[in-house]
Amino acid sequence: MSATAQSVGAKSAGDLSPVMASMSRKFDFLLVPILFLAITGAVHIHVMLLAGDWDFWVDWKDRRFWITITPIVTICFPAAIQYVTWVYFRLPIGATLCIVGLLFGEWMNRYWGFTIWSGFPATLTWPAMLIASALILDTVLMLSRNWLATAIVGAPLFALLFYAQNIVILAPYHVPMEHMGQLMSIADMIGYAFVRTATPEYLRMIERGTLRTFGGESALIASFFAAFICMIMYAAWWKLGEIGSRQTWIKSMFDKSAKVRA
Amino acid sequence: MKNKIISLLGGVAIMVTSLTALYAPQAGAHGERSQEPFLRMRTVHWYDTNFSTNRVAVNSEMTMTGKFLLAEAWPEVIMKPDVAFLHVAEPGPAVAKVESWLNGVPAAKSFKLELGKTYEYKIIVRGRKPGEAHIHPMLNVQSAGGLVGPGQWTLIEGNYEDFTYPVTTLTGETIDLNTYGFANVVKWHIIWAIPALFWLLWWIRRPVFIPRFLMVQNGEEDALITGTDKKVAIAMFIGTMVLVTMSSNSAKEAYPIQIPLQSAIIPVEALPVTPQNSAVKAKILKANYRIPGRSMTMTLDVTNGSATPIKLAEFNSANVRFTNSLIPTLAKTDSAELWAKGGLHVQGEPTIYPGETARLEIEASDALWETERLSSLIGDPDSAFGGVLYFHGADGKTYMEEISGPIIPTFQ
Ligand SMILES: [Cu+2]
């Protein structure tokens with residue numbers, strides 16, 4: 001019986017001596033929080049830089065750019081980390097780990113930075129939900145055991161579920177109201193009322209372009225477009241995960257230090 | 001020893017960093033001075049600025065009113081105000097915006113404005129976060145950024161927790177904008193956190209790294225995923241799909257009436273042309289900036305096309321007011337920080353009669369040239385200045401004329 005999983009017969013490489021097993025577990029408890037924080041930092045910075053305002057503000061969460069950009073940007077790290085966790089450890093948790101880290105980082109940033117330090121109401125600055133997308137990506141990889149199948153099935157689902165899982169959070173903000181004789185959604189009004197000095201109204205990239213001619217279906221069309229790009233992004237970042245985790249890097253590092261010592 | 005030095009340097013670095021954090025609010029305002037002088041001198045000329053009060057309680061209102069002239073000497077390097085937004089400059093939402101109007105048009109959306117024209121604004125704000133805040137009216141222009149008007153230190157008094165912002169929706173509900181919807185956000189983030197954390201713990205509860213790595217290397221990877229794992233994964237997959245479908249359907253039922261985000265660019269008609277903003281014409285013949293004296297001199301021909309005798313009372317550039325004895329005091333709510341009292345000298349203080357053209361020699365001098373960082377205009381590639389002259393008419397009205405032109409520095 002291996003320390004990890006079902007019986008694989010008498011001799012498994014996972015069978016460690018009791019001392020080693022306890023050491024290895026200590027190593028786990030040491031490494032898991034460190035990895036979690038490192039992943040949180042990396043994913044959070046990546047998403048802030050590339051999806052920034054769309055995720056910061058409730059009045060930027062539109063039916064076009066937000067839906068297109070957020071999944072495309074947020075699938076990158078899950079794909080790369082999945083490579084490492086799956087290929088080296090057969091752990092189907094890469095995407096969930098990244099997204100939980102991202103949300104943890106975002107909530108810290110929104111609470112301490114936006115709410116406490118800058119004084120914005122939290123109702124203006126909450127982060128979008130992505131956990132459903134991540135769970136699907138991980139379970140598809142685990143059940144298919146194939147990165148290409150995950151790119152073709154899991155990555156589009158990652159994008160398609162993005163808007164769907166946020167509807168329940170966003171719907172109350174799209175109730176109409178009238179202000180100064182103008183029609184506004186509550187989200188528009190929140191953005192109008194709580195002054196962001198450096199973010200004038202026209203900076204909002206919302207519902208621009210010809211997609212508007214599709215009327216109410218633009219959310220669906222944007223989701224499908226994001227789904228298509230996510231397939232490519234997934235494959236590209238899976239490969240990046242492969243390149244980044246090549247043992248040759250570490251090996252060459254050891255070789256170099258060995259040379260220095262010699 | 002080396003470590004000691006490093007930790008000492010680290011300590012100093014941390015102290016310096018924390019000191020700048022303390023210093024930052026004292027430096028005050030929000031960097032209005034850091035903007036290049038040409039952006040402040042040749043874009044939006046604010047005038048008649050008025051704040052209804054300089055103390056406002058949480059939940060009570062303050063009104064900012066005034067006018068601005070969009071300079072004809074608008075710099076070519078920035079876009080014309082085809083997309084502009086009337087806004088408030090403040091450090092975070094210390095006051096919340098209640099209403100804003102430009103020439104009677106609601107300013108929730110962006111505007112298309114015209115150069116050389118004047119506009120009148122009204123902004124109503126509501127006290128929100130107690131403390132002192134420097135608050136300005138501001139015009140954001142695409143590609144130019146925020147062009148701020150005269151600011152006022154405003155004391156906001158009361159309890160932060162008491163702030164509310166009630167509005168009524170078209171579905172008849174009265175809600176508080178400050179908190180609306182947030183409990184629902186938190187609820188759904190917690191609901192989704194449960195399966196996510198369960199999934200992570202499901203795997204981390206077993207040895208994570210070393211044994212799994214060794215087994216994968218040994219070709220035993222199939223043993224690392226059990227039948228139970230597969231069942232749990234299938235359940236997670238189906239459960240996630242079901243929860244997404246159910247939650248979005250329930251939201252569509254709970255909120256049957258929804259509209260997309262609203263955004264548009266709307267044209268606004270400028271204020272009509274009147275003698276007060278058009279009758280007086282000025283032509284710059286020569287302008288110098290004397291660096292050691294922090295003073296600007298200019299020679300210009302002024303033609304009085306109005307029906308009343310006029311006298312120059314003020315030169316205003318980048319919200320700095322250079323006035324002479326014709327403006328002995330300021331209105332109570334006017335900002336005194338940008339007032340160069342007695343900073344304007346007109347050779348002979350002549351009265352210009354209707355139909356007459358007079359040559360004026362003007363000197364505008366004050367340390368504000370330096371403290372407001374306007375003197376750095378000599379570092380601009382086009383070395384031009386801009387501003388507005390205000391003349392007092394014998395009829396009690398004020399006549400204005402925009403001026404602009406090249407400027408030559410003198411170094412001694
Ligand atoms: Cu200020």
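Reminder, nothing fancy here: chain letters follow the sequence lines and each chain counts from 1.
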*Asks:* Starting from the C-alpha separation in whole Å, work towards a yes-or-no answer on ring pair (Phe, Tyr, Trp, His ring centres under 6.0 Å) for A/Trp60 and A/Phe56.
*Replies:* CA-CA 8 Å; A/Trp60 280 66; A/Phe56 290 157; 9.2 Å; no
*Asks:* Let me know if A/Leu160 has heavy atoms under 4.5 Å from chain B in its side chain, its backbone, both or neither.
*Replies:*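 Contact with chain B: none, neither part.
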*Asks:* Can you check whether A/His179 reaches B/Val167 side chain to side chain, under 4.5 Å on heavy atoms?
*Replies:*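 No, side chains not in contact.
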*Asks:* For B/Asp162 and B/Val58, work out which heavy atoms get closest and say how close.
*Replies:*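 Looks like C-CG1, 4.2 Å.
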*Asks:* Against chain B, label A/Val175 side chain, backbone, both or neither, depending on which of its atoms sit under 4.5 Å from a heavy atom there.
*Replies:*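 Both parts, heavy atoms under 4.5 Å.
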*Asks:* Given that the side chain runs from C-beta out, which part of B/Ile204 has a heavy atom under 4.5 Å from chain A: side chain, backbone, both or neither?
*Replies:*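 It is both, since atoms from each part get that close.
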*Asks:* In terms of side-chain heavy atoms, does B/Thr154 have a donor or acceptor partner in B/Glu132 at a distance below 3.5 Å?
*Replies:*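 B/Glu132 and B/Thr154 do not have a side-chain donor-acceptor pair below 3.5 Å.
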*Asks:* Side chain, backbone, both or neither: which part of A/Leu143 has a heavy atom under 4.5 Å from chain B?
*Replies:*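 Just the side chain, heavy atoms under 4.5 Å.
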*Asks:* Check each atom of B/Phe237 against the heavy atoms of chain A and say whether the ones under 4.5 Å are side chain, backbone, both or neither.
*Replies:*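 Contact with chain A: backbone and side chain both.
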*Asks:* Is the shortest distance from a Lys or Arg side-chain nitrogen in A/Asp53 or A/Lys61 to a carboxylate oxygen in the other one below 4.0 Å?
*Replies:*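 No, A/Asp53 and A/Lys61 are not salt-bridged.
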*Asks:* Less than 6.0 angstrom from the centroid, inside 45 degrees of the normal: does A/Arg25 satisfy that with respect to the ring of A/Phe29?
*Replies:*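 Yes; both conditions hold, so A/Arg25 lies above the ring face of A/Phe29.
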*Asks:* Which answer fits A/Ala95, side chain, backbone, both or neither, if we ask what part of it has an atom under 4.5 Å from a heavy atom of chain B?
*Replies:*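 Neither; nothing under 4.5 Å.
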*Asks:* Could you tell me which of B/Gly146, B/Ala108, B/Gly92 has the largest number of non-hydrogen atom pairs under 4.5 Å with chain A?
*Replies:*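 Greatest number of close heavy-atom pairs with chain A: B/Ala108.
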*Asks:* Answer yes if the ring centres of A/Trp66 and A/Phe162 are under 6.0 angstrom apart, and no otherwise.
*Replies:*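 Under 6.0 Å, so yes.
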*Asks:* Under the side-chain hydrogen bond (donor to acceptor under 3.5 Å, both in side chains) criterion, do B/Glu90 and A/Thr197 qualify, and how do the steps go?
*Replies:* CA-CA 6 Å; B/Glu90 58 171 326; A/Thr197 294; 5.8 Å; no
*Asks:* Taking C-beta and beyond as the side chain, do A/Asp188 and A/Arg204 meet within less than 4.5 Å on heavy atoms?
*Replies:*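 A side-chain contact under 4.5 Å exists here.
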*Asks:* Are the aromatic ring centres of A/Phe36 and A/Phe104 under 6.0 angstrom apart?
*Replies:*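 That pair passes the under 6.0 Å test.
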*Asks:* Using heavy-atom distances under 4.5 Å, tell me whether B/Arg128 contacts chain A through its side chain, its backbone, both, or neither.
*Replies:*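 Side chain of B/Arg128 only, per the 4.5 Å heavy-atom cut-off to chain A.
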*Asks:* Which region of B/His87, side chain (C-beta onward) or backbone (N, CA, C, O), has a non-hydrogen atom less than 4.5 Å from a non-hydrogen atom of chain A, or is it both or neither?
*Replies:*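 The side chain, not the backbone.
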*Asks:* Would you mind checking which part of B/Lys230 comes under 4.5 Å of any heavy atom in chain A, side chain (CB onward), backbone (N, CA, C, O), both or neither?
*Replies:*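 Both parts, heavy atoms under 4.5 Å.
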*Asks:* So which of A/Ser24, A/Ala171, A/Pro172 has the largest heavy-atom pair count under 4.5 angstrom toward chain B?
*Replies:*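 Counting heavy-atom pairs under 4.5 Å, the top option is A/Pro172.
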*Asks:* Could you check which of A/Asn166, A/Thr85, A/Val58, A/Asp138 has the highest count of heavy-atom pairs closer than 4.5 Å to chain B?
*Replies:*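 Most heavy-atom pairs within the cutoff with chain B belong to A/Asp138.
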*Asks:* Out of B/Ala94, B/Ala254, B/Ala96, return the one with the most heavy atom pairs under 4.5 angstrom to chain A.
*Replies:*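 If we count pairs closer than 4.5 Å to chain A, B/Ala96 comes out on top.
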*Asks:* Using non-hydrogen atoms and a 4.5 Å limit, figure out which bit of B/Tyr160 sits close to chain A: side chain, backbone, both or neither.
*Replies:*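 The side chain, not the backbone.
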*Asks:* Please classify the contact between B/Trp101 and chain A as side chain, backbone, both or neither, with a heavy-atom cut-off of under 4.5 Å.
*Replies:*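 Just its side chain gets close to chain A.
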*Asks:* A/Gln182 versus chain B, heavy atoms under 4.5 Å apart: side chain, backbone, both or neither?
*Replies:*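 Interface part for A/Gln182: side chain.
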*Asks:* May I ask you to check if B/Arg205 and B/Trp203 form a cation-pi contact, with NZ or CZ under 6.0 angstrom from the six-membered ring centre and within 45° of the axis?
*Replies:*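 Here B/Arg205 fails the 6.0 Å and 45° test against B/Trp203.
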*Asks:* Which bit of B/Lys109 comes within less than 4.5 Å of chain A, counting heavy atoms only: side chain, backbone, both or neither?
*Replies:*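 The answer is both parts of B/Lys109.
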*Asks:* Which one wins on heavy-atom pair count under 4.5 Å against chain B: A/Val100, A/Leu97, A/Ile190, A/Thr139?
*Replies:*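 It is A/Thr139.
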*Asks:* What residue, out of A/Ala198, A/Pro121, A/Ala193, A/Ser185, has the most heavy-atom pairs lying under 4.5 Å from chain B?
*Replies:*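 The candidate making the most pairs under 4.5 Å is A/Ala193.
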*Asks:* Can you tell which of B/Val148, B/Thr43, B/Leu113 makes a side-chain contact (heavy atoms from CB on, under 4.5 Å) with B/Leu139?
*Replies:*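 With B/Leu139 as partner, B/Val148, B/Thr43, B/Leu113 yield a single side-chain contact (heavy atoms from CB on, under 4.5 Å), made by B/Leu113.
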*Asks:* Check this for me, if you would: do B/Asp222 and A/Arg90 make a salt bridge, where the nitrogen-to-carboxylate-oxygen distance has to be below 4.0 angstrom?
*Replies:*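 No, this pair does not count.
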*Asks:* What part of B/Ala107 gets closer than 4.5 Å to chain A, counting heavy atoms only: side chain, backbone, both or neither?
*Replies:*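 Just the backbone, heavy atoms under 4.5 Å.
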*Asks:* Salt bridge between A/Asp59 and A/Arg196, side-chain N to carboxylate O under 4.0 Å?
*Replies:*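 Result for this pair is yes, salt bridge flagged.
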*Asks:* Between A/Val140, A/Ile131, A/Leu103, A/Asp62, who has the most heavy-atom pairs with chain B when the cutoff is under 4.5 Å?
*Replies:*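 Answer, by heavy-atom pair count under 4.5 Å with chain B: A/Ile131.
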*Asks:* Non-hydrogen atoms of chain B under 4.5 Å away: do they reach the side chain of A/Thr125, the backbone, both or neither?
*Replies:*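 A/Thr125 has no heavy atom closer than 4.5 Å to chain B.
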*Asks:* Non-hydrogen atoms of chain A under 4.5 Å away: do they reach the side chain of B/Ser248, the backbone, both or neither?
*Replies:*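 Both parts, backbone and side chain.
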*Asks:* Would you say the side chain of B/Val56 lies within less than 4.5 Å of the side chain of B/Glu61, judging by non-hydrogen atoms?
*Replies:*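 Result no, sub-4.5 Å side-chain heavy-atom pair not found.
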*Asks:* Counting only non-hydrogen atoms closer than 4.5 Å, does A/Ser118 touch chain B with its backbone (N, CA, C, O), its side chain (CB onward), both, or neither?
*Replies:*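 Answer is backbone: N, CA, C or O of A/Ser118 sit under 4.5 Å from chain B.
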*Asks:* Any idea which of B/Phe111, B/Phe163, B/Trp202, B/Trp188 has the most non-hydrogen atom pairs under 4.5 angstrom with chain A?
*Replies:*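 Maximum pair count with chain A is reached by B/Trp188.
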*Asks:* Examine whether an atom of A/Leu157 lies under 4.5 Å from a heavy atom of chain B, and if so say whether it belongs to the side chain, the backbone or both; otherwise answer neither.
*Replies:*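 Contact with chain B involves the side chain of A/Leu157 alone.
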*Asks:* Examine whether an atom of B/Asn249 lies under 4.5 Å from a heavy atom of chain A, and if so say whether it belongs to the side chain, the backbone or both; otherwise answer neither.
*Replies:*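 When you check distances to chain A, no heavy atom of B/Asn249 falls under 4.5 Å.
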*Asks:* So do A/His174 and B/Leu261 actually touch side chain to side chain, heavy atoms under 4.5 Å?
*Replies:*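 Yes, side chains in contact.
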*Asks:* Below 4.5 Å from any heavy atom of chain A, which atoms of B/Val95 appear? Answer side chain, backbone, both or neither.
*Replies:*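 Answer is backbone: N, CA, C or O of B/Val95 sit under 4.5 Å from chain A.
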*Asks:* Under a 4.5 Å heavy-atom cut-off, does chain A meet the side chain of B/Ala84, its backbone, both or neither?
*Replies:*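 The answer is the backbone of B/Ala84.
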*Asks:* Checking heavy atoms, do the side chain of A/Arg145, its backbone, both or neither come under 4.5 Å from chain B?
*Replies:*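 Side chain only.
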*Asks:* For A/Phe89 together with B/Phe209, are the ring centres under 6.0 Å from each other?
*Replies:*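 Distance test on ring centres: under 6.0 Å, yes.
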*Asks:* Heavy-atom distances under 4.5 Å only: say whether A/Leu135 touches chain B with side chain, backbone, both or neither.
*Replies:*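 Side chain only.
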*Asks:* Examine whether an atom of B/Ile265 lies under 4.5 Å from a heavy atom of chain A, and if so say whether it belongs to the side chain, the backbone or both; otherwise answer neither.
*Replies:*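 Contact with chain A is absent: no heavy atom of B/Ile265 under 4.5 Å.
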*Asks:* Would a 4.5 Å heavy-atom cut-off, applied to side chains only, mark B/Val105 and B/Ile266 as touching?
*Replies:*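 Result yes, sub-4.5 Å side-chain heavy-atom pair found.
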*Asks:* Is there a donor-acceptor contact under 3.5 Å linking the side chains of B/Ser100 and A/Tyr192?
*Replies:*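 Side chains of B/Ser100 and A/Tyr192: pair found under 3.5 Å.
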*Asks:* What residue, out of B/Lys129, B/Glu99, B/Glu173, B/His189, has the most heavy-atom pairs lying under 4.5 Å from chain A?
*Replies:*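 Heavy-atom pairs under 4.5 Å are most numerous for B/His189.
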*Asks:* With a 4.5 Å cut-off on heavy-atom pairs, point out which of A/Pro127, A/Ala187, A/Pro92, A/Gly181 contacts chain B the most.
*Replies:*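 Result: the option with the highest number of such pairs is A/Pro92.
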*Asks:* For this output row, return yes or no: ring centroids of A/Phe114 and A/Trp57 closer than 6.0 angstrom.
*Replies:*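 Yes, the ring of A/Phe114 comes within the 6.0 Å limit of the ring of A/Trp57, centre to centre.
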*Asks:* Between B/Val216, B/Thr245, B/Leu214, B/Ile234, which shows the greatest number of heavy-atom pairs under 4.5 Å with chain A?
*Replies:*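 The candidate making the most pairs under 4.5 Å is B/Val216.
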*Asks:* For chain A, which of B/Pro106, B/Pro93, B/Ala251 has the most heavy-atom pairs under 4.5 Å?
*Replies:*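 Going by pairs under 4.5 Å, I would pick B/Pro93.
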